Amino acid sequence: MRHSIERKILIPFLIIVLLPSFIIGAVSMWSSYQSDKQFKQATASEHLKSLDRYAENLARRVQNGTMSEGDAKALIKMMIYETNGLYVEDEKGELTSDGEVTNSAELDWYNGEAESSWFVERKVLIEQLEDWNWTLYSPIEFSFYSGSLPDIQKYTLLISIFTGIIAVQFTIILSYNLSKPIKNLADFCKQIALGGQVKDLDIKETRKDEIGVLSTSLKEMVQTLDERNIQIDKIKQLNETILNSVHVGMVLITKGSESIYNKAAHKMMNNDAILERRVKQFTIHETSKREEEIWDHKVNEEKVYYAVNYMVIGGSGKRSIMTFEDITHRRKLELRVERMSRLASLGEMASGIAHEIRNPLAGIKATTELLIRRLELSDDQLTLTENMLLDIDRLNKIITNTLQFSSPMNAAPTVVRVDDVVRSLFVVMERIANEKNVRLHQVESNAELMVDRDHLRQILLNLMINGMSAMPEGGDLAIDCHGSENDRTITITDTGIGMSDDVIEKIFDPFYTTRAEGTGLGLSIVHQLVVQNNGEIDVRSTPGKGTTFYLTFPSREEEI
């Protein structure tokens, strides 16, 4: 708190005037408190002794046979219950007060947990009724704010308050008249420091003393500052406009202070809680060790990427700027281009290898069939040759898929109703789905796409087979279609075992498979067919919960 001239005059004077009054009042209050405490304690102690004497008389009457023990106990308990706040513990250890049994564990004073404070003093008086083997407890509390103490000292308090009010009023008037000019100057300077609108200085211009000279100089200084503030405000508004118009999130990190964010940073952090937590946990010490990195994590089961840069401002190392940009779309395009380039190279290589293998494979199959017809083979030999033919057929199937992958049919997009294609596939796959305990679900959408019908059937069929294979214990497989004015997205969702991020990155690679009986070309062909039809494919999966494939194709309106 700022110590003004008025306070420097007011406070010492109040201390000189009020301190003796406070000391006298405090001593008087303390003396009265001690007297009141002794009186209450003596009264309570005398009451306990009177109960003890009364109990002794009743005990003698019981011994003389003039009264039964039960009546005597009832009388003494009646006397005890008439005293408010008095507790009695009988020979069985039962604690009662006002005729009701009390749980001793709930009483702080009984367990020795009650403590006295500065303004409240607690004490428990104990009296033993030896004839009955009873114990009386009388908890007493003394306080400056209770009892008769305030009533006893009310006149002393009134005199002290009255004296204090007069002293305060007199001191305020005196200090105000002495410090008013200086306070006006101080308020004027404070308005200048705050940068707000400055009011006129309430000091007579005719003053020729130091205060008058100071007020004139301050007025001239304010005029100069106003001109410079106008220029600074223009520069500040320009900088804020530039800072908030960029799409890159920017954070100013200052040691010992809260970080400052631009609008783009606030918007991205509001949409991504993980990004917000990572940005707010960053420190200057960490920014001084790095310059650039890529952050990636999942938001609503979708992987997002951010390019993060750091730069320390100044040589002190107490400020740094962090910038982060959402590069998810760019990263996906890079991965898609990289995947397409890799698939094209592998397709050319696979095509050459397949042609080289297919011709001798046909000769091997023909020779094997000829040997089976001409030779008299034993059962074991016949089994071996039949297994050879099965392996040859399986290898031929792989070669056929490889050739199809390397040289797919050209797409002939037409207007296709998604519901009709899905409905026909469900009819074909119904028997297999029943065998695998898979429930098929179709969400009617009335959506139309510009896509090759045969390609769409092959894409959906491969994804349905993969989805059923991912549910060995059965489950649900659902196909839905939704979208915007320019495109439509088909979703194929299963409740299977799901996939990890490492597997998702490889599923479109040729010959990569997680099934022993698979060729590893199904999803590669699906990816190529989607690209041929000007579409996009994406996948989101959670291990143990299931997988969803997203197929996005142009809508009919876009093509028209």
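What you see is a predicted model; the values in this text were computed from it and never measured.
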Pair V308-M322, side-chain contact (heavy atoms from CB on, under 4.5 Å): steps then yes or no: CA-CA 7 Å; V308 187; M322 171 194 288; 4.0 Å; yes

Within the 4.5 Å heavy-atom criterion, are [X] and [Y] side-chain neighbours or not?
X    : Y    : answer
V418 : E448 : no
F426 : I479 : yes
L440 : M468 : yes
E536 : L551 : no
T414 : D452 : no
L460 : I490 : yes

Taking K436 first and then E473, would you say they form a salt bridge - that is, a charged N and a carboxylate O separated by under 4.0 Å? no

For a side-chain hydrogen bond (donor to acceptor under 3.5 Å, both in side chains) check, start with the C-alpha distance between R488 and S445, then their side-chain angles and the critical distance, and finish with the verdict. CA-CA 10 Å; R488 298 286 187 271; S445 61; over 6 Å; no

Return yes if some donor-acceptor pair links the side-chain N/O of [X] with the main-chain N/O of [Y] below 3.5 Å, else return no.
X    : Y    : value
D272 : M268 : no
D487 : F553 : no
T548 : D494 : no

Evaluate the salt bridge (Lys or Arg N to Asp or Glu O under 4.0 Å) criterion for residues D420 and R423: first the C-alpha distance (whole Å), next the side-chain angles of each, then the deciding distance (0.1 Å), finally the verdict. CA-CA 5 Å; D420 296 341; R423 197 177 296 113; 3.1 Å; yes

side-chain contact (heavy atoms from CB on, under 4.5 Å) for N462 and N466? Distances and angles first, verdict last. CA-CA 6 Å; N462 284 354; N466 282 358; 5.5 Å; no

Nearest 0.5 Å, what's the CD-CG distance between E276 and N271? 10.5 Å

